[in-house]
Amino acid sequence: MPNSSTLNPSVRWDSPGPGTLRRWQALIPGWFAAEARDLPWRRPDCTPWGVLVSEIMLQQTPVVRVLPRWEDWMRRWPAPADLAAAPTGDVLRAWDRLGYPRRALRLKEAAAAITARHGGKVPEDEAELRALPGIGEYTAAAVAAFAHGRRSTVLDTNIRRVLARAARGEAAPPPALSRTEYRWAAALVPEDEAVSVRWNAGLMELGALVCTARSPRCTACPLAADCTWLAAGRPGAEAPTVRKQTWHGTDRQLRGAVLAVLRAGDAAVPRGLLVSGREGTASVPESLTESQLEALARLRRLNPDPARMDRIVTGLIGDRLAQENPEGLTLPD
DNA sequence: AACACGGGGCC
DNA sequence: GGCCCAGTGTT
């Protein structure tokens with residue numbers, strides 16, 4: 001059964017009363033200080049660059065999968081200038097299977113911009129952060145808070161869910177973040193800067209560890225006594241079924257398979273493959289090995305529609321290759 | 001506002 | 001097999 005926010009788009013944006021809010025503003029930061037996971041990007045010696053890298057990697061990606069990639073990444077490219085100077089092929093390989101590899105390409109672009117425009121230092125200002133490739137509203141707020149200790153309104157899927165439940169009694173926030181929801185959440189952030197950072201971090205951690213989407217552990221929640229959703233009997237705990245993008249048989253699935261082949265290359269050779277989406281292209285400085293060509297040929301045989309395979313491969317190994325390598329790339333049949 | 005974009009793990 | 005995960009950029 002769909003929850004009420006699905007049935008009725010007009011959500012009540014009631015704020016908790018002053019007393020309740022004041023209590024939460026003490027409970028959440030306190031809970032974070034006591035219960036937070038010891039993650040490397042939260043250590044005091046972590047640089048703003050390290051925090052930025054973690055935020056990009058954590059977009060749509062669980063912490064456990066990010067941890068090893070982050071460690072390798074920071075060892076290899078400890079400062080923005082290091083990544084900016086790295087070959088794109090190395091960058092994509094180090095990204096490994098984190099998913100959404102365009103994030104890696106944008107992170108390299110952001111590193112270049114930080115090096116060129118900001119003297120190699122990660123900006124503190126949200127608008128300046130927001131201007132970097134791959135950094136949107138969430139990441140700008142998160143870096144301002146967690147890298148620089150600034151007060152900001154961090155709104156990710158975790159925080160939106162915790163606030164929706166505790167303050168409004170909804171099982172889940174509306175599908176899209178509106179300006180109304182943003183302003184509503186911004187009004188809850190504690191005024192004190194240091195407290196605000198732990199407020200943001202604490203709500204996020206609460207959503208990740210306790211107030212989870214699937215099976216919330218309300219008995220472990222510091223807000224249990226005040227939670228509107230829990231008091232109402234956790235209505236809508238059964239997740240409403242939303243329409244999902246199909247996967248099997250789509251171009252996207254095939255693109256993933258081709259990308260896996262491209263990632264597998266080890267020998268660095270002169271010029272470039274191109275990885276492209278509808279947003280444009282970026283070069284990957286390496287060429288194909290024999291085994292990669294064989295793997296692509298295998299994919300081509302498995303795929304009943306050769307034209308589709310061509311479209312995918314041409315999308316990934318695109319036009320710019322023709323400029324850089326006039327002979328182009330010939331795939332075996 | 002709706003889509004496209006990876007990949008893996010969980011129920 | 002569908003959902004979820006520290007979202008962003010394009011249409």
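In the text below, chain A, chain B and the rest are named by the order of the sequence lines, each starting its count at 1.
- If you check every strand for non-hydrogen atoms under 4.0 Å, A:Ala176 touches nothing.
- In this structure, CH2 of A:Trp70 is placed 15 Å from C1' of C:dA6, rounded to the nearest angstrom.
- Under a cut-off of 6.0 angstrom, the local environment of CZ in A:Arg22 is sparse, with at most 12 non-hydrogen atoms contributed by other residues, nucleotides or ligands.
- The side chain of A:Thr157 contributes an N or O atom lying less than 4.0 Å from OP1 or OP2 of C:dC5.
- Along DNA chain B, the nucleotide nearest to A:Leu177 and the one nearest to A:Gly99 differ in position, and the one closer to the 5' end is contacted by A:Leu177.
- For the OP1/OP2 pair of C:dC5 and a distance below 4.0 Å, the side-chain nitrogens and oxygens of A:Arg161 include at least one atom meeting the criterion.
- Among residues two or more places apart in sequence or in another chain, the salt bridge (Lys or Arg N to Asp or Glu O under 4.0 Å) test is passed with A:Asp14 by A:Arg12.
- If you take CD of A:Glu205 and P of C:dA6, they are 10 Å apart, rounded to a whole angstrom.
- The CG atom of A:Leu155 sits 11 Å away from the P atom of C:dT8 (whole-angstrom rounding).
- Considering only side-chain atoms of A:Arg130, the nucleotide from C:dC5, C:dG9, C:dA6 that sits closest is C:dG9.
- C:dG7 atom P lies 16 Å from atom OH of A:Tyr182, rounded to whole Å.
- Judged by distance alone, the side chain of A:Arg165 and the main-chain N or O of A:Pro173 form no donor-acceptor pair under 3.5 Å.
- The list of ring pair (Phe, Tyr, Trp, His ring centres under 6.0 Å) pairs with a residue in residues 154-193 of chain A, not counting sequence neighbours, reads A:Trp13-A:Trp184.
- Under the 6.0 Å cut-off for aromatic ring centres, A:Trp73 and A:Trp95 qualify, their centroids lying closer than that.
- Checking side-chain atoms of A:Trp49 against main-chain N and O of A:Trp77 turns up a donor-acceptor pair under 3.5 Å.
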Identify every side-chain donor-acceptor pair in residues 127-139 of chain A under 3.5 Å, counting partners at least two apart or on other chains, and give the distances.
residue, atom, partner, partner atom, Å
A:Arg130, NH1, A:Ile135, O, 3.4
A:Glu137, OE1, A:Arg179, NH1, 3.3
A:Glu137, OE2, A:Arg179, NH1, 3.2
A:Glu137, OE2, A:Arg179, NH2, 3.2
A:Tyr138, OH, A:Glu55, OE1, 2.7
A:Thr139, OG1, A:Gln59, NE2, 3.0

Short N/O separations, protein against nucleotides 8-11 of chain B, under 3.5 angstrom:
residue, atom, partner, partner atom, Å
B:dG8, OP1, A:Arg97, NE, 2.6

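- A heavy-atom distance below 4.0 Å to DNA chain B is reached by these residues of residues 37-61 of chain A, ordered by number: A:Gln60, A:Thr61.
- Each of C:dA6, B:dG6, C:dT8 was ranked by its minimum atom distance to the side chain of A:Thr139; first place goes to C:dT8.
- For A:Leu209 and C:dC5, the CG to P distance is 13 Å, given to the nearest whole Å.
- The nearest heavy atom of DNA chain C to A:Val63 and to A:Leu132 marks one nucleotide each, and the one closer to the 5' end goes with A:Val63.
- Under the side-chain contact (heavy atoms from CB on, under 4.5 Å) criterion, A:Pro62 pairs with A:Val64, A:Arg65, sequence neighbours left out.
- A:Arg102 places its CZ atom 16 Å from the P atom of B:dC3, with the value rounded to the nearest Å.
- Atom CG of A:Leu107 is separated from atom C1' of C:dG9 by 16 Å (rounded to the nearest Å).
- Straight-line distance from the CZ atom of A:Arg103 to the P atom of C:dC5: 15 Å, rounded to whole Å.
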